[in-house]
Amino acid sequence: MTVRTRFAPSPTGFLHLGSLRAALYAYLFARKNDGVFMLRIEDTDQNRYVEGATEMIYRTLREIGMSWDEGPDVGGEFGPYIQSERMALYLPYAEQLVREGKAYYCFCTKDELDERRAAVEAAGGTFKYDGKCSQIPYEEAIERVKSGEPYVIRQKMPKSGEASFDDLIYGHITAPCSELDDMVLIKADGMPTYNFANVIDDHTMQITHVMRGNEYLASTPKYNLLYEAFGWEKPVYIHMPQIMRDAHKKLSKRDGDANYEDFTQKGYLKEAIINYVALLGWNPGDEREFFTLPELVEAFSLEGLSKSPAIFDPEKLLWMNAEYIRRLSPEEFDKYARLWYESCGAGKFDPAILTRILQPRVEIFSQIPGMIDFLTDFDPDYPLELFTNKKSKTDPAVSLSVLDMALPALSALPEFTETAVHDTLLDLARDAGLKNGTMLWPVRIALAGKQVTPGGAIEIAVLLEKDESLRRLNIARQRLSM
Ligand code: GLU
């Protein structure tokens, strides 16, 4: 048997990390087993449709490196792979069930249903369809349909007993049939309901393993009754625990930071996101933490999936992202960082120095503007206490004498290179019998106007270049001498 899995997103405009994980596991499982991974767009609910959302899904999966063997854009023998293009396909299946007495036409109007619902609720109950139209003889129902009376098609649920199925993660799940509503399969406009289309598609596309979030666990007994009504073989179900913000709350769009794009826009690397998401609910059975996509394919197995809720740990993701950033080549780092340099006007500075000082420190690329703001946005009124540092044995008075030495020496330099600036400042320190730190601290404060900077005095001076460095050093000397 060929393993066939699918990712079946609804095009809502976002890729929640939970959906991304469902896609990833379905992809990994298919690839690991030399199976087929398919993309199906579930857009039965046109009200939720967001322009461009389908393209966003393609783009994102491609960017991550997940390829699909069948799908709307690549075709395949079970297409079309967009539900809205399959609409003609569903009604005949529902009609088949009606003929076999497993579903029925329901002519109850919305007003009638509302009235009955209100009555049940007024009495403190929960309304579920009362089966009224299931009593209508088939021939009579067909006549009413032919005469143009509006109808829906409902599935006839067993009135007693249990509906059950086996889930690979959650085990044997049962639901008393008495609690199941006679679910609508075809709506009044002739279109399938989401649930019906999902089952018909999984069957007709020969899906062998259904992998999705556990929010579908409760509907699955109903899905199974459909498989049974048709006499179809059921897929293997693998429902995954939700990704949680904490022990009580799901990771939700409302809290921000729940969608893949939230993270890429902040400058997380896709490799880190995928690696982290893969480990939310799956573990490789050993201590390994870093996986490329091909390594995940190699390591993935259903046994590693966990039943306990996966708690999203932003600190861990940050740590992992920082690790991925360290592993980039300088060229790759520059490629990602450039966007952020441009965003804060730092595009003109020497990228090689920026990479050298930033790559070891940056955890996410969006931190870059805040780390190098002093290059472009210098505030000359920084507090003079910044010149005081015990370890470097400096204070404003020492700093003034240091700058008195450094300024003429640096302004005399014909070439303002790292070597030249380095040798000049350290020679001065040696000749004056000062610790290097006593020389470099005041220079760095004067150049940056802040205490915490990536890179030291020499790197910052060379980044700023000679004129701007001398200007800032002069400002400091003037302020310190007042
Ligand atoms: N369309 C559903 C979603 O986006 C997927 C349901 C399924 O995988 O069966 O959540």
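Atoms within each ligand, like the ligands themselves, are counted from 1 in listed order. No experiment lies behind these values; they were computed from the predicted model shown.
Ligand 1 lies within reach of A8, whose nearest heavy atom is under 4.0 Å from it. Residue Y194 places a heavy atom under 4.0 Å from ligand 1.
Judged by a 6.0 Å distance limit and a 45° cone about the ring axis, R40 is not positioned over the six-membered ring of F7. R144 forms a cation-pi arrangement with F107, by the criterion of a distance under 6.0 Å to the ring centre and an angle within 45° of the ring axis.
A donor-acceptor pair under 3.5 Å is absent between the side-chain atoms of R4 and the main chain of F37, judged by distance alone.
An N or O contact shorter than 3.5 Å is missing between E215 and ligand 1 by distance.
Ring-centre distance between F333 and F365: below the 6.0 Å cut-off. Taking the six-membered ring wherever Trp is involved, the centroid distance between the rings of W319 and Y276 does not fall below 6.0 Å. Aromatic rings from F165 and Y237 are positioned such that their centres are separated by under 6.0 Å.
Protein heavy atom nearest atom 10 (O) of ligand 1, with residue, atom name and distance: Y216 OH, 2.8 Å.
Here S10 has heavy atoms under 4.0 Å from ligand 1 in both its backbone and its side chain. Here N198 has side-chain heavy atoms under 4.0 Å from ligand 1, and that is the only part of it that gets that close.
Residues N321 and E363 bring no donor and acceptor atom of their side chains to less than 3.5 Å of each other.
Those atoms of ligand 1 with a heavy atom of E42 less than 4.0 angstrom away are 1 (N), 2 (C), 5 (C), 6 (C). When each atom of ligand 1 is checked for a heavy atom of P9 under 4.0 Å away, the hits are 4 (O).
Among R6, H239, R40, the residue whose heavy atom sits closest to atom 9 (O) of ligand 1 is R6.
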